[in-house]
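Residue numbers begin at 1 in each chain, while the letters A, B, ... track the order of the sequences. Keep in mind that the numbers below use all heavy atoms, side chains included, and drop hydrogens, waters and symmetry copies.
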Amino acid sequence: MARSTDPLVVGRVIGDVIDMFVPSVDMGVYYGSKQVTNGCEIKPSLTVNRPNVQISGRYFNDSLYTLVMIDPDAPSPSEPNLREWIHWLVTDIPGATDPTHGREILPYMAPRPPIGIHRYVFALFKQAGPMVMVIPPQQRNNFSTRAFGAHYGLGLPVACVYFNAQKEPGTRKR
Amino acid sequence: MSRYRGPRIKLIRRLNNLPGLTKYRRVDREKEKKSRYRIRLEEKQKVRFHYGLTDRQLLQYVRIARRAKGSTGQVLLQLLEMRLDNILFRLGMALTIPGARQLVNHRHILVNGRMVDIPSYRCNPKDVITIKDRKRSMNIINKNLDLSQKHQEKSRLISKRIINRKFILFFRFKKHYMKHTVPFHLTLDSSRYKGVVNYKGIVNRIIDSTGIGLNINELLVIEYFSRRA
């Protein structure tokens, strides 16, 4: 019985958030100097400001991308009844650039996990053309990345990365 | 390290069935509103008493699981399942985990031909677990392996007689010996030598989430420790 070693499968990102896909674009996500790698742990205090996202790949000519950042473990991993909580949504990002050149549909919201270890997933979709009339979600909870991709004809993601975060213990005074 | 020596039925009344701790089973269940903290605490206590750990040991396992790649909850259960005392229990060489713990402590068990007396010893794939070549050691384990089959029939008869006499309302707990099935990640081999049956346990691979014998939500345990780990 062969077990998958893909970190997205092991971390249940594929299944809970997105379907199996073949990565075709390189996406680097950096919080300051720290690069986000699949399954790495980042303290919420480091994620207050929006990350620096670098998109690179082979086919760039006129390619536009959509970036989604979601939390599939809201409010707690054992009872994720607010799954998925959307933290950031940017469309029309030109290839070989970063989200600052795109159209921010939903502003960045820093991760603040209340209880347990939460996964924060960055999914990058390739657009067929410029996205017109993108309706911002009314609320951040119960967002569906799959439904969003299907609704706007984005198909499967072209890149994905996730990190873990949990509430930092407060300074206890005796 | 200290371990729980108190009343076991008192525990399973609160935490429901813990097959590693005792063969007694709960029949009735009370329904009451539980706080979010209590749900997580009880789930943690289930794991703690089933595997016979202290809070500090369990916290240490959670920290190791958090450093590993992959699902923290699954890694935690894999670490606990690969303990030597638990593997003896899952092989059927002991009826409970405290019983398995005693076997290890009393130096009846060899791992890869070497005597191991640490119950928390972490087994690896391809490890071979054998019994010390001593008549007393053989007798203890052979007796344990035979017990479950005999007691299963006996237990069924007792409960049937009680139902016929309409005493079932007063019968809250019953001793329940299930027919022991060795999980897929372990193999129990037996060979006859000089008229004595020798048993040998082999760890095939690290356990998968489906093979874990305890009905718990490991995410609740991780959530309980998320402030401390």
Nearest-0.5 Å distance that lies between atom CD in Glu41(A) and atom OG1 in Thr72(B): 7.5 Å
Euclidean distance, Ile117(A) CD1 relative to Phe225(B) CZ, rounded to 0.5 Å: 12.0 Å
Taking every non-hydrogen atom, the tightest pair across Ser78(A) and Asn217(B): CB-ND2, 3.9 Å
Closest contact, heavy atoms only, Pro77(A) versus Leu219(B): O-CD1, 3.4 Å
Glu223(B) side chain to Ser76(A) backbone, donor-acceptor under 3.5 Å: no
Student check: side-chain heavy atoms of Arg40(B) and Ile115(A) closer than 4.5 Å: yes
